[in-house]
Amino acid sequence: RLVADRARTADLLPLAESGVRHVIEQAARRAEDSERLSMHIRSLDHLLIQADHWARQRGAATIEGEDVARAIEKHDYRMSRSKSRVLDAIKRDVLLVDTAGEQVGQVNGLSVVQLGDYRYGHPVRITATTRMGTGEVVDIEREVKLGGAIHSKGVLILSSALTSRYARETPLSLHASIVFEQSYGGVEGDSASVGELCALVSSLSEVPIRQNIAVTGSINQLGRVQVIGGVNEKIEGFFDVCKARGLDGSHGVVIPRDNVKHLMLRQDVVDAVRDGAFAVYGVQHLDEAITVLTGVEAAVVNQKVERQLLRYATLRKQFGEKEDGDERG
């Protein structure tokens, strides 16, 4: 009734059932929730006016679903200059993002860019390195003052998750570093903490991560994967890159399972998932994410991490004893 009333008020064509359905879907997408609708009237009016234009261009008597879809498509096209430039940079290997193969200590994270009331997602490479040390996990973004407070909090939490899960009865003899590659602006939010921890786990275990799958999600100290914002744009951003390079059925995105209720994806993404060309994996725990990203059972990966941390502790102890002996000598 609200949609019909807004159309009458603006002297627009009446909406057919398919048109109303598409308007409602867009309201849910704007609300980022499949169970809620956005009641932002100005956005609703703009959408109806643009859909009315395309319906009149067809000479139609009512606004159909195709008119609403075309209005959304044209709006996104007008706003997508920045998005197109990022996608072009990835396609030309100026921004380095792999969508095939495997790499140790490297994972595809997902970022969201906000431009006014328009936003889009794109993948970003996250890498981690590890060696024997004194238990320090260095967030390079924070060290150079490019990381915001929430991002820094996320890295500290993933450090706690690491120490609470592995080699709990030995000193943590690790030096690790994490960075968003080719990121020259500020980094904020904790939605990459699952990916960052998976990159660390991969570096420690030397088990490679599949580059045809991206990951988003925050993590708590107990390894629980938690909800994040912008899940639709993040999935679509990685989908666009994979589609440009050719979908082969192996590509997908790992998201928090609690975010499934927020999914309101573009129709082409929905079609690709239905046809088996793309996948969306919902996970609740770090172990599930590790299994999907590596293709190896989490128990096997965790055992390798434990063994490596114990090895670092032994080497550190031997190194300390050698230094003490040299000083006494």
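Just so you know, these numbers come straight off a predicted model, no measurement behind them. Both backbone and side-chain heavy atoms feed into the values below; hydrogens, waters and symmetry mates do not. Numbers here are sequence positions counted from 1.
The only member of R6, Q50, H40 that meets side chain to side chain donor-acceptor pair (under 3.5 Å) when paired with D45 is R6. A side chain to side chain contact (heavy atoms under 4.5 Å, CB included) with V23 holds for exactly one of L2, I63, V68; it is V68. When each of R29, K243, R119, K83 is tested with E236 by the rule salt bridge (Lys or Arg N to Asp or Glu O under 4.0 Å), just one qualifies, namely R29.
Side chain to side chain, N302 and E306 fail the donor-acceptor criterion of an N or O pair below 3.5 Å. For the residue pair Y312 / T170, no side-chain donor-acceptor distance below 3.5 Å is found, with atom types taken as modelled. One side chain, E181 or T127, offers a donor N or O that lies under 3.5 Å from an acceptor on the other.
Listed for the N232 side chain is no donor-acceptor partner under 3.5 Å among the backbone atoms of E32. In this structure a side-chain-to-backbone donor-acceptor pair under 3.5 Å is present from R210 to V292. Side-chain atoms of S164 come within 3.5 Å of backbone N or O of Q221 as a donor-acceptor pair. Although no hydrogens or angles enter the test, the distance criterion places no donor-acceptor pair under 3.5 Å between the side chain of T216 and the main chain of I255. Not a single donor-acceptor pair under 3.5 Å links the side chain of T62 to the backbone N or O of L15. Side chain of T291 to main chain of D287: a donor-acceptor pair is present (N/O by atom type, distance under 3.5 Å, no hydrogens or angles). Between the side chain of D275 and the backbone N or O of A277 there is no donor-acceptor pair closer than 3.5 Å. Formation of a donor-acceptor pair under 3.5 Å by the S38 side chain with backbone atoms of A31 is not found in this model. In this structure, S193 contributes its side chain and I219 its backbone to a donor-acceptor pair below 3.5 Å. Put simply, the side chain of N220 gets close to the backbone of G223: a donor and an acceptor are under 3.5 Å apart.
Rounding to the nearest 0.5 angstrom, the gap separating the CD atom in Q308 from the OG atom in S203 is 8.5 Å.
Note on R21 versus E17: salt bridge recorded, some NZ/NE/NH1/NH2 to OD/OE distance being below 4.0 Å. A salt bridge is absent between D5 and R1; no separation between the charged side-chain nitrogens and carboxylate oxygens falls under 4.0 Å. A salt bridge does not link R266 with D76: none of the charged nitrogens is closer than 4.0 Å to a carboxylate oxygen. Salt-bridge check for D88 with R85: failed, with every basic side-chain N at 4.0 Å or more from each acidic carboxylate O. The residues R125 and D98 are annotated as salt-bridged, a charged nitrogen and a carboxylate oxygen being separated by less than 4.0 angstrom. Ion pairing between a basic and an acidic side chain is recognised when a charged N comes within 4.0 Å of a carboxylate O; E64 and R58 show no such pairing.
When side chains are defined from C-beta on, D258 does not count as touching Q226, because their heavy atoms never get closer than 4.5 Å. The shortest distance between side-chain heavy atoms of R245 and K91 does not fall below 4.5 Å. The closest side-chain heavy-atom distance from V194 to V283 is not below 4.5 Å. Looking at C198 and I290, their side chains come closer than 4.5 Å, going by heavy atoms from C-beta outward. Contact of the T294 side chain with the S202 side chain is not registered, since no non-hydrogen atoms from C-beta on lie closer than 4.5 Å.
The same ILVMFWY cluster, assembled from side-chain heavy atoms under 4.5 Å apart, contains both M79 and Y120. Taking hydrophobic clusters as Ile, Leu, Val, Met, Phe, Trp and Tyr residues chained together by side-chain heavy-atom distances below 4.5 Å, I150 does not share a cluster with V113. Residues I49 and V3 share a single hydrophobic cluster, defined by chaining ILVMFWY side chains whose heavy atoms lie under 4.5 Å apart. Both V20 and L37 are members of a single hydrophobic cluster when ILVMFWY side chains are connected at heavy-atom separations under 4.5 Å. Under a hydrophobic clustering in which Ile, Leu, Val, Met, Phe, Trp and Tyr are joined whenever their side-chain heavy atoms come within less than 4.5 Å, directly or via other members, M264 and Y118 fall into different clusters.
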Candidate pair E288 and V225, rule side-chain contact (heavy atoms from CB on, under 4.5 Å), full reasoning
CA-CA 9 Å; E288 297 175 64; V225 178; over 6 Å; no
For R316 and T134, what are the C-alpha separation, side-chain angles and deciding distance, and is it a side-chain contact (heavy atoms from CB on, under 4.5 Å)?
CA-CA 8 Å; R316 181 182 172 191; T134 57; 4.1 Å; yes
Check against side-chain contact (heavy atoms from CB on, under 4.5 Å), Y281 and V215
CA-CA 9 Å; Y281 304 92; V215 59; over 6 Å; no
side-chain contact (heavy atoms from CB on, under 4.5 Å) assessment of N212 paired with T99
CA-CA 4 Å; N212 51 2; T99 55; 5.5 Å; no
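Within a 6.0 Å radius of CZ in R56, other residues, nucleotides and ligands contribute more than 12 heavy atoms. A 6.0 Å sphere centred on CD of E297 holds no more than 12 heavy atoms belonging to other residues, nucleotides or ligands. Shown here is R92, whose CZ atom has no more than 12 heavy atoms of other residues, nucleotides or ligands within 6.0 Å. Around atom CZ of R78, more than 12 heavy atoms belonging to other residues, nucleotides or ligands sit under 6.0 Å away. Other residues, nucleotides and ligands contribute more than 12 heavy atoms inside 6.0 Å of the CD atom of Q182.
Classified by interplanar angle (parallel below 30°, tilted 30° to 60°, perpendicular above 60°), the ring pair F278/F238 is tilted.
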